[in-house]
Amino acid sequence: MVQEKLSSLTLQEPKDKYNEVDDSELIEVKDIFIQLANKLQTKTIIKDPNFDLFEGTHSLEVNNPKLDSSLIKLTTEEYKFDCNIAYGSTEETQNDALNYVTAITERLLRLVLCWLNNYQTLPTTILSCRYVENFLVKCSNETFNDIHVLKTNNVIYDKVLNSCVIGICYFAKFAQDLLKSGVIFEEEDMNFNIMGLGSFVGLPDQQIILQLLENGLTTLKEIKDGRTERLAKSIELTKCFVHMEDHVVHFSTDNQYLDEMIEIAKYLDTISTKLEPPMGSFSMGIQKRLANQFPPKHLVDPDNVQFSGFVTLAEHVKIVIKVAKSENFIEILQFATYFNKLHQRHVIARAIFPLFLMREDRTVLGKYSLDGFLKSHVLDLPKNATEQNGDVDTLIQPILQECLSVLFEWYQNSSQNTCRYRQGYNRQLLVWDSVQAQLENMHSQLLSNLQLQVTNGQDNSQSLDYIMSIGAWAYSMKITSMIEFSLKGFDLEIYKPFESYSLFWYSHYLCKHLTNALLLIISHIQKKKDSISAMNKKLKIESWEEKGKLRTQYHNALDIDLPQFEMNIAFLNYLSKRNKINESLCLVEIIHFAILKSYGIIDEKFPAKSKFVDDTLLHNLRFKPFSSIGSPPLPEIEMFQKSINSFMIKAPDFKRKLNELFKYVNKELSSTTEMIEEILTSIQNGDLKAPLYTGTRLVEEEAVEYFTYLKASVKNLENNSNDIVNKLGDTPSEELKSKFKVELEHMPGSSRYFPILCVKPNTPRNKKQ
Amino acid sequence: MPIIYKPLDINNLTHFNELKKLIDADLSEPYSIYVYRYFLNQWPELAFLAFDVTEEEKNNSNNVDVSDKVPIGCIICKNELHRFSRMRGYIGMLAVESHYRGQGISKKLVEIAITQMESNGCDEIMLETEVENVIALNLYENMGFIKMKRMFRYYLNEGDAFKLILPLTEKSCIRSTFLMNPQTPVL
Amino acid sequence: MEHLKLGDFIGCTLYITLSKERFIQGTLVAVDSQANLLLDYVWERTITKDITNAKYNDRLMGLVSVPSDTIMSIKITKTKVNKLVTLKNEMLSSIV
């Protein structure tokens, strides 16, 4: 009985509009509420037990100027503004109409940059334009069928402005599609508070919109006024926007509209005459008129925003679509590694990259199957390696799927913003670890089953090899993730100076393990190369019948596998060298730290007094991401402490020991420079000379910059050695500690993974902290 | 300047309003009444107020009645089970009136709050703060908070933020995934 | 109506007058001891005085905190009140 009644209490009123209820139907309950509330204890909140008050923390608030968009005050012009009035147009002349429309379109285009390049919100940028609101409101209606939404009787508004507004809305829809595909993050990478207008139900097709824009251009040509050229440029720029989706919808590699965008943007920046749009044409009004679940926000001022922002957008998209020219998977891998690494690319470009690369048809660039693409990454597998043993094949499939999935994540991560990039590795290293563990389990299981299967005549050595190859690759990917995660923390300024010792030390430790892992893979490939030669020898002694089959095998191996193996070895040589560079730089940082500790001005222990934590707890928290990783094992904190003690120097002979240490550092740095030069040479000569293969043909500029930055870091570290002695003298003394402190400093033009441990004066104000 | 620190009395409506005023004035993020209700009604014992008193009152702080006094500083926190695996304290808001700054009042408020959360069984304390907020970073880092994460454009699309954690027990140093025991009933 | 408590109103649609020009309606989600309300799925109607044809502007605001001192009146439909009272009486009478 009660149940029935409860279910009849479901809300009858519709929630998609304001419900008009006659007053005769309503009862006043305010007094009842107040009376009942007064009886409550102050700590009580009456609510549904399933409702989490946490949701309430995001609520708006009536009459709170910071949280109530209805309180927004508008000017008379804003209230009176009418999109169907041709502002500036009189019977005799269209003089001001042209100026006004030019001003509106240019402001709108600048606001697109504010939205995308400067990460501002939609309502404070393009939605603040009355014409955009006007169109979007109309086109969110299902019955919308007349794209000529402006009826001012002035063609400059009705044809030209209209086309620009619709074109920009079309681009906004494209941005929404990018967000929906999950490759970038709403709020973080791009705001999309579309205020209830996001259905775009009536939005015309691309072709219709392009036609509208063409008509707008034609209209302008027919007006005999020199000033139309300026407005025409904005229309052409809008056309380029409308074509942006071609790179995702048709995977277009055509740079035409991107180049045009660059050209037009540069032109528009040469124009110095400022034009003002009609008053009220841009307004906060939309925030109080339309559905709005966000607090009020002041409009962004686009006046100082340069059109060169479009150059950035177009150039970055041009970079991204270059990946289509890849000729092998290493080039794709390196492309993903470098295109977004040193400088975060424009959000639109970053969103296009993963969609362009890994397509809905489960291909990579329409050229490679995802499966084949994955297998290519396992460098010591021959190109068409498949698992022969049926049982093993079945068992290994789910693990391969997981490998594919984390590899996919790695690629997705490469286009993320700089903060998310590090977080991505935090997750990935766990997955690589799990994959590696599963493969090792499978390997040992197969090994122990070997005895049983020997009677079936099955040769499982190939299976063992296959599993081990994937395992070795997963292991190297894992360590690489761990190194990236650790060093990226310096870029993001996560670590305090006192922590830098353990992070550089740990990174150095990981680099050493990676060196070994890469060497192991190289030796596997070498063995496989050797077995191909062995095939040749075998050919010579085989019987005639066997020869035929073997010959085909041999020629396949020679033509397909051997070149692949050679390229892979050359690539591994490059990876090893790059890793060695990181290893050396970490070592130099460690030594600098030890030297500074020897002077007494820094310590790897927590520098302040805290009643809550000790060094062990802080160390363990810092290394939490790695605590579950079995291999390489996370050393105990004592290991870290022992090693720094071994690097430190103390009296007697402080000066001599110091000089020796600096000599060692310089030697290390100069061999690092050599390695960097070797890589740079290889990159700039298109990898023509073995033994290195960098695969950076398509990201040559970016890769060169990356290694040039590393070279600068080498220089800065060299200089820092001198700087340390110059500031601190030849011998440590008690007073140094109070006079100096150490800060991690990023020097422009150098790698942010290796900030300099810089000696700075300890000003009294700082000491107060 | 003698300052005493008292936990919030949730029944004191004046204090509730004064606290709101302190924070609304100080911080740029707008908060509705229900933000305060969320914290203060569920964790009133984790909100502390600072009062400017006389020397005499300070010496007799346990017996001082602050109900009519206006707080000059406050801190608002919460603690709850995080990912079913560890108890996490959270510092929500901290504000000190401008002419009382630079005297260590913030530091004291934070210490008192953390001590309370520690005795509530917290394994760690967490908070977020803007990358540019050097004063806050210094305050917390000198207590042992370390930066765990940087978040892109966290605050109303204006700037990056750091997530800071102060570890109190070993549980803070183990990933939640490995702390969760499927056999343990979910609390 | 005497037996009704605040908790009974949770989940009901409240029709609130904030001023002569501003009305909101939404689902009651929480109430505190000061009668500050938290409403969800809030629709707002503002009576406009501008020159355009529209006499009012309706829009969705979502989750909104409504402080007690901003409220001129709170109304509920008679139907709803009757249902609440009936249910309450039934529950009270079923308690032995």
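Proteins come first, then strands; the chains are lettered A, B, ... in the order of their sequence lines, and each starts at number 1.
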Q: Rounded to the nearest 0.5 Å, what's the gap from CG on C/N57 to CG on A/L290? Could you check?
A: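 Separation between the atoms: 7.5 Å.
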Q: Which bit of A/I45 is near chain C, if near means a heavy-atom gap under 4.5 Å: side chain, backbone, both or neither?
A: both
Q: Show every ring-ring contact (aromatic ring centres under 6.0 Å, His included) that has at least one partner inside residues 20-50 of chain A, sequence neighbours left out.
A: A/F33-C/F9
Q: With a 4.5 Å cut-off on heavy-atom pairs, point out which of A/L26, A/D82, A/L40 contacts chain C the most.
A: A/L26
Q: Among A/N38, A/D68, A/D31, which residue forms the greatest number of heavy-atom pairs with chain C at distances under 4.5 Å?
A: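 Sorted descending by pairs with chain C, the first entry is A/D68.
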Q: Can you establish whether the number of heavy atoms outside A/N153 located under 6.0 Å from its atom CG is more than 12?
A: no
Q: Is there a donor-acceptor contact under 3.5 Å from the side chain of A/K17 to the main chain of C/W43?
A: no
Q: Is chain C contacted by the side chain of A/F51, its backbone, both, or neither, given a heavy-atom distance below 4.5 Å?
A: side chain
Q: Who pairs with A/Q41 by side-chain contact (heavy atoms from CB on, under 4.5 Å), at least two apart in sequence or on another chain?
A: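 Scan of A/Q41 (side-chain contact (heavy atoms from CB on, under 4.5 Å), adjacent residues dropped) gives A/K43, A/T44.
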Q: Is chain C contacted by the side chain of A/S70, its backbone, both, or neither, given a heavy-atom distance below 4.5 Å?
A: both
Q: Within a 6.0 Å radius of atom OH on C/Y41, are there more than 12 heavy atoms belonging to other residues, nucleotides or ligands?
A: no
Q: Quick one: salt bridge (Lys or Arg N to Asp or Glu O under 4.0 Å) pairs with a partner in residues 128-150 of chain A, sequence neighbours left out?
A: A/R130-A/E133, A/E133-A/R289, A/D146-A/K151
Q: Pick one of side chain, backbone, both or neither for C/I10, based on which atoms fall under 4.5 Å of a heavy atom in chain A.
A: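 Just the side chain, heavy atoms under 4.5 Å.
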Q: Which residues in residues 280-288 of chain A have any heavy atom lying under 4.5 Å from a heavy atom of chain C?
A: A/Q287, A/K288
Q: Counting heavy-atom pairs under 4.5 Å with chain A, which one of C/V42, C/I76, C/T79 comes out on top?
A: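 Greatest number of close heavy-atom pairs with chain A: C/I76.
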Q: Determine the sole option in C/I71, C/T70, C/D69 for which the side-chain contact (heavy atoms from CB on, under 4.5 Å) test with A/N63 is passed.
A: C/T70
